[in-house]
Participant: 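Below is the structure I would like to discuss, written out as structure tokens.
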Amino acid sequence: PLFPNLGSRFHTIRKIAKDTNRLVEDFAREAVQDLVDRGDIRDFAVTGFASGSSFGLTASFRDRAGKQSVRFSRKVG
């Protein structure tokens, strides 16, 4: 695999709760930490969101190609 240590624990979120935004943000940081440590990405920023039965995030970072932005969402249940 290209990034053998890249993965997330998003699949462990089974319900939307008060701390879902924080969990999403923590899991996203954890998932990319190896890339940050190696310098493959920098200036990583993430904001989690929850709405109804879905959660997601908006993240931005810089890589060798410049500034990037990503939006991810997942339905729970």
Side-chain angles (χ1 to χ4, degrees):
L2 182 60
F3 299 115
N5 298 324
L6 187 61
S8 76
R9 295 191 292 156
F10 293 136
H11 66 278
T12 65
I13 298 174
R14 300 285 183 216
K15 65 179 182 175
I16 303 300
K18 288 192 318 186
D19 66 343
T20 300
N21 290 359
R22 183 190 54 78
L23 276 176
V24 168
E25 293 167 5
D26 289 349
F27 289 171
R29 286 185 196 95
E30 180 182 271
V32 300
Q33 191 59 52
D34 285 343
L35 299 173
V36 172
D37 290 345
R38 287 197 321 245
D40 292 332
I41 66 172
R42 56 192 166 89
D43 303 329
F44 183 75
V46 62
T47 301
F49 61 85
S51 176
S53 63
S54 298
F55 69 88
L57 64 85
T58 301
S60 63
F61 57 90
R62 290 193 185 280
D63 63 9
R64 290 182 181 97
K67 188 168 176 93
Q68 307 292 324
S69 182
V70 175
R71 185 169 174 91
F72 164 85
S73 63
R74 176 186 167 111
K75 188 167 180 78
V76 174

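One-based numbering along the sequence shown.
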Participant: Who passes salt bridge (Lys or Arg N to Asp or Glu O under 4.0 Å) against D63, sequence neighbours left out?
Facilitator: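 Applying salt bridge (Lys or Arg N to Asp or Glu O under 4.0 Å) to D63 gives none.
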
Participant: Report the C-alpha separation of T47 and E25 in whole Å, then their side-chain angles, then the decisive distance to 0.1 Å, and conclude whether the side-chain contact (heavy atoms from CB on, under 4.5 Å) test is met.
Facilitator: CA-CA 6 Å; T47 301; E25 293 167 5; 4.2 Å; yes

Participant: I16, F49: one ILVMFWY side-chain cluster at the under-4.5 Å cut-off?
Facilitator: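 Shared cluster, no.
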
Participant: Quick one: pull up CD in Q68 and CG in D43 and give me the separation to the nearest 0.5 Å.
Facilitator: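 Result: 12.0 Å between the selected atoms.
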
Participant: If you measure from OG on S51 to CG on N21, what distance do you get to the nearest 0.5 Å?
Facilitator: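 Rounded to the nearest 0.5 Å, the OG-CG separation comes to 10.5 Å.
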
Participant: Atom CG of L35 and atom CD of Q33: how far apart are they, to the nearest 0.5 Å?
Facilitator: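 If we round to the nearest 0.5 Å, L35:CG and Q33:CD are 9.0 Å apart.
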
Participant: Can you tell me how far apart CZ (F44) and OG (S60) are? Round to the nearest 0.5 Å.
Facilitator: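 Rounded to the nearest 0.5 Å, the CZ-OG separation comes to 8.0 Å.
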
Participant: Is L57 close to F27 at the side-chain level, that is, under 4.5 Å between some pair of heavy atoms?
Facilitator: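 No. Closest side-chain heavy atoms not under 4.5 Å.
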
Participant: Return the minimal non-hydrogen interatomic distance between F55 and T20, and the atom names on each side.
Facilitator: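 It is CB-CG2, 3.9 Å.
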
Participant: Grab the two heavy atoms, one from G48 and one from V24, that are nearest each other, plus how far apart they are.
Facilitator: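 Reported closest heavy-atom pair: CA-CG1, 4.0 Å.
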
Participant: Using a 4.5 Å cut-off on heavy atoms from C-beta on, say whether the side chain of D40 contacts that of R64.
Facilitator: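 A side-chain contact exists here, since the closest heavy-atom pair is under 4.5 Å.
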
